**Student:** 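For reference, the structure I am asking about is given below.
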Amino acid sequence: MKLFTVGPVNMFDYTLKTAGMQLPYFRTHQFSDVIYEINDLFKTACNAPKDSEVFVLTASGTAAMEATVLNCFNENTKVLIVSGGTFGKRFEELCELHNIPYDVVRVPLDKDLTEEMLNLYKENEYFAMLINKHETGIGKLYDSKLISDFCKTKNMYLIVDAISTLFADKYDMSELGADLTFVSSQKALALTPGITVVAVTKRLYENVIVKNKKKTLYFDFVDCVVQSRRGQTPFTPAVGIMFQLRERLQKIVEYGVEKEIERTNDLATYFRSKVKNIPFSLPKYTLSNCITPISSMSVNTRTLFEILKDEYDLVALAPNDESVLRIGHIGNLVKEDYDELIDKINIVVERLKK
Ligand SMILES: *Cc1c(COP(=O)(O)O)cnc(C)c1O
């Protein structure tokens, strides 16, 4: 089975091996060393400011989105949400649910986020911006400099969901001026789903999170940080995934974060160059290296998805509609996998014509 998905994705052999090991008990100084190493490697990998706090939540990415809203905001902090798809919408729902006042920069489906779109909100006061750097729902990557400049000029906190962009595209927390960033285990890290790593700057942690009253026990970031500083977690973590995470971060840092991104970019570019051989087209907006959405007027992508999966063991992302198919480039994939995919798409397309 080949996964052209965003998570779980094809795991690397070393991760599969680590995933099979007997787990140790975790309230030990030996396990604390694993957490310290993860924290350091993660800071290096996303270039978080040296004095940032890093901790791990045993939960999927949406929990980190919700926990961030709970820990950083309250009914007196108005936020600006950049919303251009499924995950932007999720931030809107979370703010709505937790009574956080918000405005929305709505990015049209077929367009990039522009300075003009942001400038409509320039005169208003906001506490923070919430953005999914890569809107996975449609594969759109937002412009770093645009977001960064806007937040710096307005002196707003910048909260970035980097779940599907970290290690797929260049991501530099310090350069971006992001105050909080999180990433989940099952995306470009290519690990078992179940944990999300959070990095938060000293300024956001001390000025906001520590002082903010919140109604949550499991997702209390202060508890997470206090424990992480001593190499522990408040509750039982997904111990096995922590070992996978340490190893994967070691490999990425050793290999070079830039080279890992280049590897993904190579795969994305290779696949995109081949799309001309199938009756599909690419979107005009800026794409992440993580996925490529391809659309067709003539092929039903739901049927295509099912046949590729059931007859050829090739799994794309499940389509949201009948005209677009999203193909992933993260995890353990090589160019030959795309040759095979393109081949099989052509075979199925021919069949569906009849
Ligand atoms: C995958 C993803 C999430 C998290 O989704 P979960 O199903 O909760 O893991 C959040 N934001 C983005 C941009 C994602 O791609």
Side-chain angles (χ1 to χ4, degrees), residues 3-11 46 56-72 79 81-95 97-98 104-107 109 112-113 129-144 147 158-171 173 176 178 180-199 216 218-219 237-238 241 244-245 248 261 264 268 285-293 315-320 324 326-331:
L3 300 179
F4 299 91
T5 51
V6 285
V9 295
N10 292 302
M11 292 153 84
C46 67
V56 164
L57 295 175
T58 299
S60 88
T62 305
M65 294 171 80
E66 183 154 23
T68 296
V69 168
L70 282 170
N71 279 274
C72 300
V79 301
I81 302 172
V82 174
S83 185
T86 326
F87 292 98
K89 187 85 198 143
R90 195 163 298 169
F91 271 137
E92 292 181 52
E93 286 166 6
L94 286 166
C95 288
L97 180 68
H98 296 295
V104 180
V105 183
R106 221 167 275 292
V107 187
L109 191 64
D112 278 318
L113 173 69
M129 175 187 278
L130 278 174
I131 188 165
N132 321 91
K133 185 73 175 63
H134 166 218
E135 174 49 77
T136 325
I138 52 169
K140 190 183 288 177
L141 187 70
Y142 298 127
D143 186 322
S144 296
I147 305 160
L158 173 57
I159 309 255
V160 186
D161 167 356
I163 294 181
S164 61
T165 193
L166 193 63
F167 304 127
D169 307 296
K170 180 177 182 270
Y171 187 82
M173 201 174 155
L176 193 61
L180 191 149
T181 286
F182 43 83
V183 70
S184 295
S185 51
Q186 80 274 26
K187 302 257 161 109
L189 284 165
L191 313 174
T192 306
I195 65 173
T196 301
V197 192
V198 183
T216 173
Y218 193 77
F219 294 118
I241 311 175
Q244 296 174 26
L245 175 64
R248 179 78 172 121
I261 294 165
T264 313
Y285 51 78
T286 307
L287 293 174
S288 160
N289 293 323
C290 176
I291 58 169
T292 305
V315 187
L317 277 117
N320 302 320
V324 178
R326 289 173 299 156
I327 307 295
H329 309 299
I330 54 178

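In each ligand, atom 1 is the first atom listed, and ligand 1 is the first ligand listed. Every value quoted in this text rests on a predicted model; they were computed, and no experiment measured them. Note that these values count all heavy atoms, side chains included, but never hydrogens, waters or copies made by symmetry.
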**Student:** For Ile159 versus Thr68, what's the shortest heavy-atom pair and its separation?
**Tutor:**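 Scanning both residues, the minimum pair turns out to be CG2-CG2, 3.6 Å.
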**Student:** Please report the shortest heavy-atom distance between Val197 and Leu245, naming the atom on each side.
**Tutor:**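 Where Val197 meets Leu245 most closely, the heavy atoms are CG2-CD2, 3.7 Å.
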**Student:** Sort out for me which residue in Leu176, Leu130, Leu180, Thr181 forms a side chain to side chain contact (heavy atoms under 4.5 Å, CB included) with Leu158.
**Tutor:**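 Among Leu176, Leu130, Leu180, Thr181, the one meeting side chain to side chain contact (heavy atoms under 4.5 Å, CB included) with Leu158 is Leu176.
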**Student:** To the nearest 0.5 Å, tell me how far Lys187 NZ sits from Cys290 SG.
**Tutor:**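 Result: 7.5 Å between the selected atoms.
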**Student:** First locate atom NE2 of His134, then atom OH of Tyr142, and finally report the distance between them rounded to the nearest 0.5 Å.
**Tutor:**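 It comes to 9.5 Å.
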**Student:** Dump the pairs for me: ligand 1 N or O, protein N or O, distance under 3.5 Å, to 0.1 Å.
**Tutor:**
from	atom 1	to	atom 2	distance (Å)
ligand 1	8 (O)	Ser60	OG	2.5
ligand 1	8 (O)	Gly61	N	3.4
ligand 1	8 (O)	Thr62	N	2.9
ligand 1	8 (O)	Thr62	OG1	2.5
ligand 1	9 (O)	Gly61	N	3.3
ligand 1	9 (O)	Gln186	NE2	2.9
ligand 1	11 (N)	Asp161	OD2	2.6
ligand 1	15 (O)	Thr136	OG1	2.5
ligand 1	15 (O)	Lys187	NZ	2.8

**Student:** Assess whether a salt bridge exists between Glu92 and Arg106, defined as any Lys/Arg side-chain N lying under 4.0 Å from an Asp/Glu carboxylate O.
**Tutor:**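 Result for this pair is yes, salt bridge flagged.
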